[in-house]
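All values below come from the heavy atoms of this structure, side chains included, with hydrogens, waters and symmetry mates left out.
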Amino acid sequence: MHDHDLGTGYVPHQGIAQLSHSLEQSLDQGRTLLAEMTRFTKDESMRFAHMQLEHADQAFAHFRDRQDLAGLIGAQQEWFKGMMHDYAAQSLRYAEMFHTMTRHVQSHVENAVSELRDQAEENLTGLDREVADMVDVGHGTTGEQVHPQAG
């Protein structure tokens, strides 16, 4: 591929390089976002697992303290109720994380699209100038069409 600057300052290779750079930035930001999501998920999963182990220890301690069947059933119901509360709270935390991530991705996509649109408009303007210059050269300065002489 040959790049020619016809005096307009526009070189096609520069436009492609700009688009490539924008794509690389988008991919890097995507990798960063994925790494953040992975870290958040791992940290939350570990926090949740530790919390569940603590609650299980407490429940078993209550089981040992209860001597009758009604006391055991009551301790089991409390443990189950605590577990359901923890799972609901964890689900809300994940929903909030995904909502925040979605807003971040949407903002990133909007910015990337805006940059690409601006670059495309710049490239189109450069091409328009290049075509206009070629038309002006083809018509000469008097408006008459210039024909090459047969030699």
Side-chain angles (χ1 to χ4, degrees), residues 1-139 141:
M1 178 167 88
H2 298 287
D3 289 336
H4 299 287
D5 180 358
L6 299 177
T8 63
Y10 174 76
V11 179
H13 184 68
Q14 289 174 338
I16 292 170
Q18 287 174 341
L19 290 174
S20 177
H21 180 70
S22 293
L23 182 60
E24 287 175 20
Q25 283 181 323
S26 295
L27 291 174
D28 286 342
Q29 289 174 348
R31 279 191 287 272
T32 300
L33 179 63
L34 183 59
E36 290 173 11
M37 286 174 42
T38 301
R39 186 182 72 246
F40 174 84
T41 303
K42 183 188 87 168
D43 292 347
E44 282 299 305
S45 295
M46 292 301 292
R47 185 190 67 77
F48 187 73
H50 285 280
M51 185 174 57
Q52 287 302 308
L53 287 173
E54 288 174 14
H55 290 169
D57 283 344
Q58 291 170 357
F60 285 121
H62 287 166
F63 290 155
R64 283 192 297 273
D65 293 342
R66 310 288 186 216
Q67 297 300 321
D68 60 344
L69 183 59
L72 285 173
I73 291 173
Q76 182 184 26
Q77 286 177 342
E78 284 299 314
W79 182 28
F80 184 72
K81 185 172 94 174
M83 249 183 4
M84 291 296 102
H85 180 268
D86 293 344
Y87 277 104
Q90 187 70 10
S91 294
L92 288 175
R93 288 176 65 87
Y94 277 116
E96 181 180 327
M97 187 260 314
F98 283 117
H99 179 71
T100 300
M101 178 197 66
T102 301
R103 282 195 328 246
H104 178 74
V105 167
Q106 180 181 5
S107 173
H108 172 69
V109 167
E110 287 171 354
N111 289 339
V113 166
S114 177
E115 286 177 15
L116 289 174
R117 183 180 55 236
D118 292 346
Q119 288 176 0
E121 287 173 358
E122 282 178 25
N123 291 343
L124 186 59
T125 300
L127 286 173
D128 285 346
R129 281 191 305 251
E130 198 171 306
V131 167
D133 289 347
M134 289 168 46
V135 168
D136 287 344
V137 168
H139 284 79
T141 56

Rounded distance [0.5 Å steps], [atom1] in [X] versus [atom2] in [Y]:
| X | Y | atom1 | atom2 | value |
| --- | --- | --- | --- | --- |
| Met97 | His104 | CE | NE2 | 13.0 Å |
| Leu53 | Phe48 | CG | CZ | 10.5 Å |
| Glu54 | Gln58 | CD | CD | 7.0 Å |
| Gln29 | Glu24 | CD | CD | 12.0 Å |
| Thr41 | Phe98 | OG1 | CZ | 6.0 Å |
| Met37 | Leu34 | CE | CG | 6.0 Å |

Could you go step by step and tell me if Glu36 and Arg39 meet the salt bridge (Lys or Arg N to Asp or Glu O under 4.0 Å) rule? CA-CA 5 Å; Glu36 290 173 11; Arg39 186 182 72 246; 5.7 Å; no
Side chain to side chain contact (heavy atoms under 4.5 Å, CB included), that's the test. Do Met84 and Lys81 meet it? Break it down for me. CA-CA 5 Å; Met84 291 296 102; Lys81 185 172 94 174; 5.9 Å; no
Are more than 12 heavy atoms from other residues, nucleotides or ligands located less than 6.0 Å from atom CD of Gln76? no
Which is it for Glu115 and Gln25 under the side chain to side chain contact (heavy atoms under 4.5 Å, CB included) test, yes or no, and what are the steps along the way? CA-CA 11 Å; Glu115 286 177 15; Gln25 283 181 323; 4.1 Å; yes
According to the interplanar angle, ranging from 0 to 90°, do the rings of Tyr94 and Phe40 count as parallel (below 30°), tilted (30 to 60°) or perpendicular (above 60°)? perpendicular
Given side chain to side chain contact (heavy atoms under 4.5 Å, CB included), test Ile73 with Gln77 step by step and report yes or no. CA-CA 6 Å; Ile73 291 173; Gln77 286 177 342; 3.9 Å; yes
If we only count heavy atoms from C-beta on, is the Glu121 to Arg117 side-chain gap below 4.5 Å? yes
Say whether, by atom type as modelled, one donor and one acceptor occur between the side chain of Thr32 and the main chain of Asp28 under 3.5 angstrom. yes
Would a distance-only check, ignoring hydrogens and angles, find a side-chain to backbone donor-acceptor pair under 3.5 Å from Thr100 to Glu96? yes
Given Tyr87 and Gln90, is the side chain to side chain contact (heavy atoms under 4.5 Å, CB included) satisfied, shown in steps? CA-CA 5 Å; Tyr87 277 104; Gln90 187 70 10; 5.5 Å; no
